[in-house]
Amino acid sequence: MTAYVFRGVRPYGEAAVDIVVVDGVITELAAPGTGVGEVIEADGLIALPGFVDLHTHLREPGREDAETIESGSQAAALGGYTCVHAMANTDPVADTAGVVEQVWRIGREVGLVDVRPVGAVTVNLDGRALAEIGAMAGSAAAVTVFSDDGRCVHDALLMRRALEYVKAFGGVVAQHAQEPRLTENAQMNEGVLSGRLGMVGWPAVAEEAIIARDVLLAEHVDSRLHACHVSTAGSVEVIRWAKSRGVDVTAEVTPHHLILTEDLVETYDPVYKVNPPLRRTEDVLALRAALADGTIDALATDHAPHPHEHKDCEWGAAAMGMLGLQTAFSVVMETMVEPGLLDWRGVADRMSVQPARIGGVATQGQPIAVGSIANIVVIDPDAHWTVVPAALASKSSNTPYAERTFPGVVVHTMHAGRPTVIGGALA
Amino acid sequence: MRHLLSAGDLDRDAALLILDTAAEMAALSDRSVKKLPTLRGRTVVNLFFEDSTRTRISFELAAKRLSADVINFAAKGSSVSKGESLKDTALTLEAMGADAVVIRHWDSGAPYRLAHADWIGGSVVNAGDGTHEHPTQALLDAYTMRRHLRDGTGALEGVRVGIVGDILHSRVARSNVLLLQTLGAEVTLVAPPTLLPIGIEQWPCDVSYDIDAVLPNVDAVMMLRVQAERMQDAYFPTAREYSRLYGLDGERMRLLPEHAIVMHPGPMNRGMEISAEVADSARAVMVEQVANGVSVRMAVLYLLLGGAKELGE
Ligand SMILES: [Zn+2]
């Protein structure tokens, strides 16, 4: 028998207790100082269900120089995560049972977080033929989320078929909404600034038009749609409208779209190059409000590691994407908790409960309560930390927050009853 | 000022200093001894990732007339075309001791990146970046206008300039709008709506879709090169229709006031945005623009490398 006690911790910021974990399960919420087991000091800190990321690029197989399942799992655990969904745009693409099982198996061997592979919707992500969705769903990895992320399933007929087909497996299609013809060679948000900087624009309508089409398709075939990395105020309006009609649509927002705006592109520093691009302040405010009122269901990092040389260059030559796992909670703390948009139960819902539900991961997102599987993150809301890119666990260092000081520190993480992070360091 | 990256970096005094210095350079160049010893021992690198013989030669001539050593580093036939990055190229130039790098690049912002990424220590001059800016072109255009308009007094306040053509993809237009605004001129951009960037209503200029309404009210009209291939991306239906609606031919030229000049940054598409009759007319100042380009670039290199303290500080 293995027993741990989180001593004096406050679940959801409420009254202090000892959380007793025995053999991977929460067995008791005892009066402070009374729980029995190996003590993990957490006096006055806040306990939440372990975070679940719906959108992680682990880069393995194929780009192990940028990230591996192991290094990405470490970054996730340090960020308070107990589960990540590994995107399919690897090399080879995760479009067969063999690849998703390999990712799932390595994730289990590393054992820091649940690594849930996302399966490709189309073969090689090239938008022409459906991948073997049934085989991936039936594999040991038991895939339920399907996405061509990085590319949009832009063919309306193929998208309709994918939405229909996943119904047989209780799956969901997670769409990277980007109308390809409207975004050829696009470099940044299209607006006054792109015109002035002479950069090819990525217009909001290229995202909004696809989301609008897809919610109508999902309604028509009575299936589930998930909108990846929603980035515009207009997309929020479309999703709000679709939900009001009863469409089974969910949506995620990234931390960077909650805190960064397009004016950073004026530095021409490719660390700010990301897809979808950074938008206007109005969009940032609309996204925060939507995450607060539940129109956007979940936070998702879109953690996208890139090797140094793909960012240490001119803007046009640079890769799109930024690290997110280790800074996600702090961004939520600064943009949502401190301004009063989300309380601790709200944070638990958007960072754990909803993503677990959308990803169909029953073992995750369980409440801090007796009988729950012990996936737990303990945070110190009063502490601050400064981001040092080289000190992050990721094999890459493309964080847009270098030298930035954030509120909120992840102190302990427990995955399925096993401590993965203790005192801010890997256990 | 260490670099010249954007025409918007120049305040009125800095812009006038360059233009006045260019006039002095031109006067000196008219003498029999064309070379000045000012930049002896300094090295200017022309780093061209994009072909532009005329701009490269203009900078080369300017540097040589100031007695600088000039290295031409062209992307084609060099390590760059094999995929060497801008950064590695920059480090190489730094090792060679470049005092100034004149860069032409297809990527908007590449000169800014070169100047700010800690790759090199020397001055950076933007010789055209993507669809962003081309500040020395704007300077030579302003210089040319100063000589021709307002009886050569040099005052551009209130001068009306029409810029016609592919504004969306034009670095010349962006730099000209910024510089002419600084110098007090009034700019009207003319193009089909497809060739105007989103957000243009916030630029410090007027916009029109109707060239015939604009021409009678300008002191100078600048025709921009329009690539016929643009019609493949549906910017306009055919080259013929573009030419009919927005090209400057002899008949349209006669809508201009008597004193107005016709400009073009070159190279011209005769028969597309400008007819041969206009290009070869007495109003056309294109040949002079080329000559003025050398004087203006001499002034820029001189002020950046020789007399940096006076400029923009
Ligand atoms: Zn994506």
Side-chain angles (χ1 to χ4, degrees), chain A residues 179-208 232 234 261-273 277-283 306-320 398 402-403, chain B residues 5-8 47 49-50 80 83-91 103 105-119 124 126 128-134 166-175 177-178 189 195-205 207 232-234:
Chain A
E179 211 294 315
R181 285 281 282 158
L182 288 174
T183 52
E184 283 173 15
N185 197 31
Q187 299 292 319
M188 66 173 293
N189 180 49
E190 182 166 81
V192 177
L193 188 59
S194 65
R196 184 155 67 73
L197 297 181
M199 290 226 199
V200 182
W202 198 131
V205 63
E207 174 175 303
E208 293 153 5
T232 77
T261 49
E262 63 170 354
D263 49 289
L264 292 164
V265 180
E266 284 194 82
T267 65
Y268 294 103
D269 185 339
V271 79
Y272 301 114
K273 186 173 177 181
L278 301 178
R279 305 285 188 185
R280 308 161 304 162
T281 302
E282 303 93 287
D283 296 300
H306 288 291
H308 186 65
E309 62 271 22
H310 290 181
K311 288 289 190 181
D312 191 27
C313 55
E314 60 274 25
W315 184 274
M320 300 191 200
N398 54 305
E403 311 308 323
Chain B
L5 305 175
S6 162
L47 176 58
F49 286 80
E50 199 179 67
V80 174
E84 185 173 76
S85 67
L86 175 61
K87 179 188 176 181
D88 288 333
T89 307
L91 296 177
I103 179 174
H105 200 285
W106 54 75
D107 194 21
S108 300
Y112 185 97
R113 190 81 176 122
L114 186 64
H116 290 92
D118 285 333
W119 298 332
V124 176
N126 181 359
D129 61 329
T131 54
H132 181 219
E133 283 215 45
H134 193 358
D166 185 354
I167 308 297
L168 178 63
H169 299 98
S170 176
R171 48 198 173 209
V172 175
R174 281 175 180 76
S175 287
V177 167
L178 290 170
L189 301 176
L195 291 175
L196 292 166
I198 292 283
I200 191 125
E201 62 283 352
Q202 293 194 32
W203 290 26
C205 58
V207 175
Q232 279 149 22
D233 285 326

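Letters go in sequence order (proteins before strands), and every chain restarts at 1.
- Put simply, of B:Gly109, B:Pro197, B:Ala110, B:Gly199, the one with the most heavy-atom pairs under 4.5 Å next to chain A is B:Gly109.
- For the pair B:Trp119 and A:Asp312, the minimum side-chain heavy-atom distance is below 4.5 Å.
- A:Glu314 pairs in a side-chain contact (heavy atoms from CB on, under 4.5 Å) with only one of the listed residues (B:Leu86, B:Leu114, B:Asp129), which is B:Leu86.
- Atom CG of B:Asp233 sits about 7.0 Å away from atom CD of A:Glu184, to the nearest 0.5 Å.
- Looking at A:Glu266, only its backbone comes within 4.5 Å of chain B, counting heavy atoms on both sides.
- With a 4.5 Å cut-off on non-hydrogen atoms, B:His105 touches chain A through its side chain but not through its backbone.
- In this structure, the separation between OG on B:Ser6 and CZ on A:Arg196 is 8.5 Å, given to the nearest 0.5 Å.
- Across all their heavy atoms, A:Ala317 and B:Asp107 have their closest contact at N-OD2, 4.0 Å.
- The shortest side-chain heavy-atom distance between A:Cys313 and B:Lys87 does not fall under the 4.5 Å cut-off.
- Using a 4.5 Å heavy-atom threshold, the side chains of B:His132 and A:Tyr268 count as touching.
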Verdict with reasoning, B:Arg113 to A:Asp269, per side chain to side chain contact (heavy atoms under 4.5 Å, CB included)
CA-CA 7 Å; B:Arg113 190 81 176 122; A:Asp269 185 339; 4.2 Å; yes

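- The backbone N or O of A:Gly195 lies less than 3.5 Å from a partner atom in the side chain of B:Arg174, making a donor-acceptor pair.
- With a 6.0 Å radius and a threshold of 12 heavy atoms from other residues, nucleotides or ligands, B:Ile200 has its CD1 atom above the threshold.
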